[in-house]
Amino acid sequence: MKYYLTVPIYYVNAAPHIGHFYTTMAADLIKRMKTMQGYDVVLTTGSDEHGQNVERAARKIGKTPEDYATVISEEFRQQWISSGLGVDRFMRTSDPRHHQTVRWLFDRCRQNGYIYKGTYTGQYCFNCELYVNEAGPGDPCPDCKRPTETITEDNYFFKLSAFQDKLLELYESQPGFIQPEIRRNEVLAFARKGLNDLSITRTSIKWGIPVPVEGSHVFYVWFDALITYMSAVEGEDRWPADLHLIGKEIVRFHAVYWPAFLMAAGLPLPKRVFAHGWLLFENDKMSKSRGNIVRATPIQKVMGADALRYFLLREVVFGQDGSFSYDALVGRYNSDLANGLGNLVSRTLTMIRQYRGGVIPPGPADAAVAAASEAAIAATLEAFENFEFSKGLDAVWSLISAADRFIVESAPWKLAKQTGDEEQAQLSRILYTAADVVRVVTALLTPVLPESSARIWEQLGIVSPPVLNGLAPGQLAPGQPIGTIQPIFPRADAATAIDAMRAGEAEELARQQALLGQAPPKADLPPPAPLEPPIAIDDFLKVDMRVGQVLSAEPVKGADKLLHLKIDIGEPQPRTIVAGIALAYKPEQVVGRKVAIVANLAPRKLRGIESQGMIIAASLEGGSPALVSFLEEAPVGARLK
RNA sequence: GCCGGUGUAGCUCAGUCGGUUAGAGCGACGGUCUCAUAAGCCGUAGGUCGUAGGUUCAAGUCCUACCGCCGGCACCA
């Protein structure tokens with residue numbers, strides 16, 4: 001039985017962070033689970049290396065795109081190795097074998113009549129490498145908001161429009177093709193609206209896969225990157241994939257374009273596309289501009305690789321957005337792993353050592369506990385099969401909790417003080433029951449906690465760990481000696497651990513930035529607005545700017561952006577100024593504050609109030625203002641020049 | 001603007017086909033055992049189930065409107 005799953009190949013424009021880790025770790029978990037069920041599993045990922053952004057980033061630090069991409073690609077590969085993630089094939093889009101597969105697929109689509117050559121004139125976003133059909137000259141890109149540029153170029157087009165019906169039929173006939181449901185609804189809505197043909201080549205880019213025959217064209221990113229799923233296993237009889245595991249932001253490419261490409265080429269389609277949600281950092285979207293991206297490595301170093309895996313799978317409902325925070329991580333670790341699992345292992349083994357000389361005593365297991373084990377096994381496996389990892393883990397922990405309760409209720413330490421045969425046999429059964437739960441729990445957790453479960457097997461004295469198929473309570477073999485007892489999850493001091501993670505994070509960030517070139521690529525910052533034409537000093541001096549102090553501020557009725565300000569600039573009467581800063585500043589935040597105003601601006605009525613000047617503020621991303629202020633003492637009325 | 005999702009304890013979330021007194025974990029507080037990692041176990045507090053209507057013998061659950069948040073599409077800048 002074969003099982004082929006993929007995670008996206010990652011773009012070398014950024015170094016690996018916890019978001020990349022999340023997807024790949026989930027795939028590793030599925031792989032381990034399938035392997036334990038007897039499948040022959042292959043997991044692929046790789047690096048997406050082409051495109052103008054990479055060209056630019058490389059040039060900025062004086063490297064060729066190849067060299068630059070190689071460094072970052074290697075960084076990703078190392079990340080998976082050091083995190084213990086079982087990536088079997090790693091395909092780089094720059095790999096000649098991949099180029100061959102892309103060109104082969106293109107030829108097949110063309111032979112089947114789904115490729116044609118056309119001319120595109122219109123707006124183009126160089127950052128996203130995206131044609132913006134609807135936009136007019138100068139309009140911003142709908143994705144990244146940078147200005148688009150007008151271009152005219154010859155392209156090859158893919159007849160996506162020809163596949164609307166076939167795709168809809170696919171979604172209908174295979175309801176599980178796109179999961180979860182919410183993503184499926186989106187794709188359905190998108191496809192039902194009608195599909196436009198897709199330009200799949202670019203002449204404006206050099207760094208890419210050359211289109212057959214046409215020297216000056218290279219393939220567009222999505223007619224390149226997706227195909228690594230095939231090129232990675234070329235000649236292995238693996239295609240089609242059983243599962244593409246992706247983030248929700250690339251659903252359309254995987255659920256619409258990709259099956260269409262494959263249909264056009266007459267190739268089998270993947271069985272399933274599963275899109276997980278985003279990882280937020282303390283409830284904010286992680287982004288470079290916020291500077292709140294977190295890396296996996298420092299967390300793993302402090303808390304252990306398994307702790308991070310456990311946290312992400314337990315805390316975040318797979319498929320939905322979820323948030324990561326150091327606090328929550330340490331909390332989960334202490335309450336679930338240390339106090340729960342770790343402590344159960346420890347107390348069970350210690351009693352076996354003390355009361356039974358370190359040898360697993362004979363059973364049978366307590367009937368009620370065995371029933372709880374059986375229920376937990378079924379619930380966990382079913383949940384895992386449906387990728388409901390948090391639910392599955394919940395079921396495991398309810399078994400751990402049942403075992404703790406059983407131990408307290410049967411109080412083996414009291415029986416240990418009694419010498420009667422019946423009491424001693426009873427004690428053996430209790431210890432056996434507890435140890436058997438540890439065995440069941442550890443087997444269920446093996447795909448989730450690979451390192452820790454290996455250590456538990458060792459301490460339990462089990463040489464060949466059980467597989468998931470056929471796992472049942474009461475199968476622990478009595479008579480075997482246990483190993484050396486050591487804490488699996490020592491309790492962590494929150495403050496110390498969090499400090500260590502933050503410090504490690506800062507180091508790791510610096511290391512990654514060095515790899516990417518001294519300054520990290522600024523590609524995601526919009527270019528500053530173009531400068532106004534030069535003016536003479538006299539022109540500037542016509543603008544009379546003064547230091548003012550806000551005396552009062554109140555909202556303007558019927559306008560959510562406006563504040564009605566009274567500002568003292570040293571005149572007998574304070575100025576009335578209506579400023580569009582209400583979204584960024586509450587009235588009480590500006591009262592008393594020194595600001596800079598344009599004092600000789602012609603008055604203007606805003607919402608019925610005459611505004612006698614304007615307040616100076618920097619215009620930030622998204623249009624929100626940042627008021628100018630003074631570090632030194634600036635007397636009211638002083639002129640700015 | 002259209003479509004979809006969502007709103008339940010301090011936090012994260014369950015809650016089936018409408019059916020007794022709305023649950024769990026974490027956190028807080030109190031008690032208790034001693035095998036265990038200051039762990040475990042028992043208990044307590046904490047809820048106008050977003051708001052307002054409606055259907056019903058009965059509504060967290062179904063319907064309508066509105067509000068908040070998230071997402072998709074369209075639009076605006």
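Fair warning: this is a prediction, and the values are worked out from it, not measured in the lab. Below, chains carry the letters A, B, ... as their sequence lines are ordered, and counting in each starts from 1.
On the P atoms, B:U48 is 16 Å away from B:U61, given to the nearest whole Å. Rounded to the nearest Å, the gap between the P atom of B:C70 and that of B:A65 is 22 Å. Rounded to the nearest Å, the gap between the P atom of B:A59 and that of B:G50 is 15 Å. Going from the P atom of B:G7 to that of B:U12 covers 12 Å, rounded to whole Å. With C1' as the reference atom, B:A24 and B:U32 are 23 Å apart, rounded to whole Å. Annotation: B:G68 and B:G54 have their P atoms spaced 24 Å apart (nearest Å). B:A45 and B:U6 have their C1' atoms separated by 29 Å, given to the nearest Å. Taking atom P on both nucleotides, B:C3 is separated from B:G10 by 34 Å, rounded to a whole Å.
Separation of the A:H244 and A:F274 ring centroids does not fall under the 6.0 Å cut-off.
Residue A:R405 places at least one side-chain N or O under 4.0 Å from the OP1 or OP2 atom of B:C42. Using a 4.0 Å cut-off, some side-chain N or O of A:R252 falls inside it from OP1 or OP2 of B:C73. Using a 4.0 Å cut-off, some side-chain N or O of A:R491 falls inside it from OP1 or OP2 of B:A39. Contact between the side-chain N/O atoms of A:Q486 and the OP1/OP2 oxygens of B:U37 is not found at any separation under 4.0 Å.
In this structure, of B:G71, B:U37, B:C35, it is B:G71 that holds the atom nearest to the side chain of A:K248. Side-chain atoms of A:N343 lie closest to B:G40 of the nucleotides B:C73, B:G40, B:C35. The side chain of A:R332 approaches B:G25 more closely than any other nucleotide in the set B:G25, B:U37, B:C35. The side chain of A:E186 lies closest to B:G71, out of B:G71, B:G25, B:C33. Of all nucleotides listed (B:C35, B:U37, B:G25), B:U37 comes nearest to the side chain of A:A338.
For the pair A:R439 and A:D436, the salt-bridge criterion is met [side-chain N within less than 4.0 Å of a carboxylate O]. Under a 4.0 Å N-O distance rule, the pair A:E458/A:R455 does not qualify as a salt bridge.
The OH-C1' distance, from A:Y333 to B:G27, rounds to 20 Å in whole Å. Residue A:I250 contributes atom CD1, which lies 14 Å from atom P of B:G72 at whole-angstrom precision. If you take CG of A:D493 and C1' of B:U37, they are 14 Å apart, rounded to a whole angstrom. Rounded to whole Å, atom C1' of B:G40 lies 16 Å from atom CD1 of A:I430. The CZ atom of A:R192 sits 19 Å away from the P atom of B:G72 (whole-angstrom rounding). For A:R183 and B:C73, the CZ to C1' distance is 13 Å, given to the nearest whole Å. Put simply, CG on A:L188 is 13 Å from P on B:G4, counting in whole angstrom units. The distance between atom CZ of A:F190 and atom C1' of B:G71, rounded to the nearest whole Å, is 15 Å.
Using modelled atom types and a 3.5 Å distance limit, the side chains of A:R309 and A:Q300 yield no donor-acceptor pair. A:E249 and A:W278 share a donor-acceptor pair across their side chains, judged by distance under 3.5 Å alone. A donor atom on one side chain and an acceptor atom on the other are found under 3.5 Å apart for A:R272 and A:Q179.
Mapped onto RNA chain B by nearest heavy atom, A:D336 and A:L344 fall at different nucleotides, with A:D336 at the one closer to the 5' end. Residue order along RNA chain B, read from the 5' end via each residue's closest nucleotide, puts A:S346 first among A:V408 and A:S346.
Among the heavy atoms of the strands lying under 4.0 Å from A:F489 is at least one base atom, whether or not backbone atoms are also near. A:G331 comes within contact range of no nucleotide atom at all, as no heavy-atom separation falls under 4.0 Å. Here A:E181 lies out of heavy-atom contact (under 4.0 Å) with every strand. Heavy atoms of A:P490 sit under 4.0 angstrom from at least one base atom. Among the atoms of the strands shown, only primed sugar atoms or phosphate atoms (P, OP1, OP2) are found under 4.0 Å from some heavy atom of A:K193.
Judged by distance alone with a 3.5 Å cut-off, no donor-acceptor contact links the side chain of A:N339 to the base of B:A39.
Side-chain contact between A:L431 and A:T348: absent, with no pair of heavy atoms (C-beta onward) separated by less than 4.5 Å.
Results of the ring-ring contact (aromatic ring centres under 6.0 Å, His included) test with A:F163 over A:Y257, A:F261, A:F158 single out A:F158 as the only residue that passes.
Looking at RNA chain B, the stems built from 3 or more consecutive Watson-Crick or G-U wobble pairs, each pair with its key distances under 3.5 Å, are B:1-7 with B:67-73, B:10-13 with B:23-26, B:28-32 with B:40-44, B:50-54 with B:62-66.
Across every non-hydrogen atom of A:P478 and A:P362, the tightest pair is CB-CA, 3.7 Å. Nearest heavy-atom pair across A:S428 and A:P361 is O-CG, 3.5 Å.
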